[in-house]
Visitor: 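Here's a structure for you.
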Amino acid sequence: VQLQASGGGLVQAGGSLRLSCAASGVSFSRSAMGWFRRTPGKRREFVAGISWWGTNTGYADSVKGRFTISRDNSKNTVNLQMNSLKPEDTATYYCAADENTVSGAVSRTEDHYDYWGQGTQVTVSS
């Protein structure tokens with residue numbers, strides 16, 4: 001299984017970035033997908049999640065209205081569009097796959113996820 005995250009970088013506050021995660025070796029269309037982030041000294045926190053076919057999504061309160069998660073099951077990719085970025089969004093972002101879930105579920109906790117990508121760094125300057 002491989003989850004390859006990309007799209008991170010350095011951006012000014014108020015700017016936008018689009019993260020992508022390409023999955024292989026996983027039952028992608030039957031997996032809930034999620035994005036988490038971690039800053040040094042802190043636990044990894046949930047950012048956004050999406051159910052099997054994109055019917056349901058969930059967001060952390062801190063990103064609601066600014067971030068949008070989407071998926072393309074024909075390409076085995078999940079994306080995170082991040083707008084109105086703030087310095088506090090600075091973190092390493094990870095995509096994850098939860099194969100052991102039902103079709104409409106959005107997984108919000110780390111323990112639910114079976115596979116993790118390597119992370120991509122997002123830095124927002126003030």
Side-chain angles (χ1 to χ4, degrees):
V1 173
Q2 190 169 21
L3 301 177
Q4 184 70 41
S6 62
L10 173 64
V11 65
Q12 287 189 331
S16 298
L17 281 175
R18 183 177 178 86
L19 305 184
S20 292
C21 177
S24 59
V26 66
S27 299
F28 187 81
S29 62
R30 296 176 70 87
S31 295
M33 299 297 295
W35 286 96
F36 287 71
R37 65 188 181 188
R38 181 162 57 193
T39 53
K42 294 187 176 181
R43 289 196 62 176
R44 196 154 44 187
E45 64 172 355
F46 172 78
V47 175
I50 189 166
S51 59
W52 285 10
W53 302 309
T55 307
N56 297 317
T57 58
Y59 298 92
D61 287 344
S62 58
V63 307
K64 202 172 292 184
R66 299 187 298 122
F67 290 11
T68 302
I69 188 171
S70 62
R71 66 189 295 161
D72 185 340
N73 286 354
S74 69
K75 297 180 180 179
N76 284 12
T77 57
V78 60
N79 302 303
L80 185 68
Q81 178 67 41
M82 305 187 296
N83 299 329
S84 302
L85 282 161
K86 304 175 181 180
E88 51 263 44
D89 295 317
T90 295
T92 302
Y93 284 71
Y94 299 87
C95 64
D98 176 3
E99 280 191 322
N100 297 296
T101 187
V102 296
S103 60
V106 174
S107 306
R108 289 177 172 264
T109 58
E110 279 191 84
D111 292 347
H112 281 133
Y113 287 85
D114 305 295
Y115 306 108
W116 294 85
Q118 86 288 0
T120 185
Q121 179 66 35
V122 171
T123 303
V124 184
S125 62
S126 57

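The first residue in the sequence is number 1, and the count goes up from there. A quick note: this is a predicted structure, and the numbers were derived from the prediction, not measured.
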Visitor: M82 versus V122: any side-chain heavy-atom pair under 4.5 Å?
Guide: yes
Visitor: Scan for salt bridge (Lys or Arg N to Asp or Glu O under 4.0 Å) pairs involving residues 66-88, sequence neighbours excluded, and state none if there are none.
Guide: R66-D89
Visitor: Report yes or no: do V78 and Y59 belong to one cluster of Ile/Leu/Val/Met/Phe/Trp/Tyr joined by side chain heavy-atom distances under 4.5 Å?
Guide: yes
Visitor: Should the pair F67 and Y93 be assigned to parallel (<30°), tilted (30 to 60°) or perpendicular (>60°) ring geometry?
Guide: tilted
Visitor: Evaluate E99 against V1 for side chain to side chain contact (heavy atoms under 4.5 Å, CB included), listing each step before the verdict.
Guide: CA-CA 11 Å; E99 280 191 322; V1 173; 5.8 Å; no
Visitor: Could you grab the distance from atom OG of S27 to atom CG of N100, nearest 0.5 Å is fine?
Guide: 9.5 Å
Visitor: Measuring from R38:CZ to E110:CD, what's the distance to the nearest 0.5 Å?
Guide: 7.0 Å
Visitor: Do you reckon F36 sits in the same ILVMFWY cluster as L19, going by side-chain contacts under 4.5 Å, direct or chained?
Guide: no
Visitor: Membership question, hydrophobic clusters at under 4.5 Å side-chain separation (ILVMFWY): are M33 and V106 in the same one?
Guide: no
Visitor: With side chain to side chain contact (heavy atoms under 4.5 Å, CB included) as the criterion, how do W35 and I50 come out once you've worked through the C-alpha distance, each side chain's angles and the decisive distance to 0.1 Å?
Guide: CA-CA 9 Å; W35 286 96; I50 189 166; over 6 Å; no
Visitor: Which residue pairs pass the side chain to side chain donor-acceptor pair (under 3.5 Å) test when at least one of the two sits in residues 4-17, sequence neighbours left out?
Guide: S16-N83
Visitor: Between N56 (side chain) and G104 (backbone), is there a donor-acceptor pair under 3.5 Å?
Guide: yes
Visitor: Can Y94 be reached from V63 by stepping across I, L, V, M, F, W or Y side chains whose heavy atoms are under 4.5 Å apart?
Guide: no
Visitor: Listed by chain and number, what are the side chain to side chain contact (heavy atoms under 4.5 Å, CB included) partners of S29, not counting sequence neighbours?
Guide: N73
Visitor: Minimum heavy-atom separation for G119 and T92, please, with both atom names.
Guide: CA-CG2, 3.9 Å
Visitor: Using side chain to side chain contact (heavy atoms under 4.5 Å, CB included), reason through R44 and Y113 one step at a time and then give a plain yes or no.
Guide: CA-CA 12 Å; R44 196 154 44 187; Y113 287 85; over 6 Å; no
Visitor: Show the nearest heavy-atom pair for residues A13 and S126, with the distance to one decimal.
Guide: CB-CA, 4.3 Å
Visitor: For the residue pair A32 and S107, what are the closest heavy atoms and their distance?
Guide: CB-OG, 4.1 Å
Visitor: Is L80 linked to W116 within one hydrophobic cluster, defined over Ile, Leu, Val, Met, Phe, Trp and Tyr using a side-chain heavy-atom separation of less than 4.5 Å?
Guide: no
Visitor: Does atom CZ (R108) have a neighbourhood of more than 12 heavy atoms from anything else shown, all under 6.0 Å?
Guide: yes
Visitor: Between Q121 and T90, is there a side-chain heavy-atom distance shorter than 4.5 Å?
Guide: yes
Visitor: I need the minimum non-hydrogen distance between G7 and T120, along with the two atoms involved.
Guide: N-OG1, 4.2 Å
Visitor: Go through the steps to decide whether C95 and L3 satisfy the test side chain to side chain contact (heavy atoms under 4.5 Å, CB included), and finish with yes or no.
Guide: CA-CA 7 Å; C95 64; L3 301 177; 3.7 Å; yes
Visitor: What are the two closest non-hydrogen atoms of A5 and Q118, and how far apart are they?
Guide: O-NE2, 3.1 Å
